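Structure first, commentary second.
Computed from heavy atoms alone, side chains included, the values below leave out hydrogens, waters and symmetry copies. A quick note: this is a predicted structure, and the numbers were derived from the prediction, not measured. Every chain is numbered from 1, with letters handed out A, B, ... down the list of sequences.
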Number of protein chains: 2
Amino acid sequence: MKVVVNVSLKEGVLDPQGKAVHHALGSLGFNEVKDVRIGKRIVLDIDGENKEEIKSRVKDMCEELLANTVIEDYFIEVE
Amino acid sequence: MKVVVNVSLKEGVLDPQGKAVHHALGSLGFNEVKDVRIGKRIVLDIDGENKEEIKSRVKDMCEELLANTVIEDYFIEVE
């Protein structure tokens, strides 16, 4: 089963990578862009059929490894 | 308007970051994970109302800056 974990910086946490991309887009003439935030999109291929059980296991993975919950939020999509 | 650009490595392109995370998950006992691929999730805040026009501009941003189309695929979600 395919599971997608989206990890992004919490609101208020500085995002230098996003800022650099924002600036570069401005230099290229894309002046309609007001803000850029960059996060991770982690795609997991997981053995199993039970969606609820898989989601709960992936939540454990996020808490233990995939996200730094001090500065990052995550949300899980089971497909 | 909020636009999300998902950038991921093309199939067949090695993903060492994903491989490292896969290995780390295995060490933590998450042996049901069969594969991990890691991409970027870029969230843009854009001035404008016309969805089609915005999507076309974001496509240009991807081709020019956000994605390396030699090794990466992208898809755009306008919300």
Is it true that, when you exclude K10(A) itself, more than 12 heavy atoms of the residues, nucleotides or ligands shown sit nearer than 6.0 Å to its NZ?
yes
Interatomic distance, CD@E32(A) vs CE@M1(B), rounded to 0.5 Å, equals 12.0 Å
Of all of N31(B), N6(B), D60(B), which one pairs up most often with chain A through heavy atoms under 4.5 Å apart?
N6(B)
Distance (rounded to the nearest 0.5 Å) between H22(A) NE2 and D45(B) CG
9.0 Å
Distance from K2(B) atom NZ to D35(A) atom CG, nearest 0.5 Å?
11.5 Å
Y74(B) reachable from V36(A) in the ILVMFWY side-chain graph, under 4.5 Å edges
yes
If you round to the nearest 0.5 Å, how far is CG of L28(B) from CD of E64(A)?
5.5 Å
Closest heavy-atom contact between K34(B) and I46(A)?
CE-C, 4.3 Å
Residue L66(A) versus chain B: region with a heavy atom under 4.5 Å:
side chain
Using a cut-off of 6.0 Å, state whether more than 12 heavy atoms not belonging to E49(A) lie near its atom CD.
no
For the CD atom on E53(B), are there more than 12 heavy atoms of other groups (residues, nucleotides or ligands in this structure) within a distance under 6.0 Å?
no
Flag if over 12 foreign heavy atoms under 6.0 Å of CD, E52(B)
no
According to a hydrophobic-cluster definition based on side-chain heavy atoms being under 4.5 Å apart (Ile, Leu, Val, Met, Phe, Trp, Tyr only), do L65(A) and I54(A) belong together?
yes
At their closest point, which heavy atom of V33(B) faces which heavy atom of M61(A), and how far apart are they?
CG2-CE, 3.6 Å
Would a hydrophobic clustering, with Ile, Leu, Val, Met, Phe, Trp and Tyr connected at side-chain separations under 4.5 Å, put F75(B) with V58(B)?
no
Begin with the C-alpha distance, continue with both residues' side-chain angles, and end with the deciding distance and a verdict on side chain to side chain contact (heavy atoms under 4.5 Å, CB included) for L44(A) and L25(B).
CA-CA 11 Å; L44(A) 304 162; L25(B) 286 171; 4.1 Å; yes
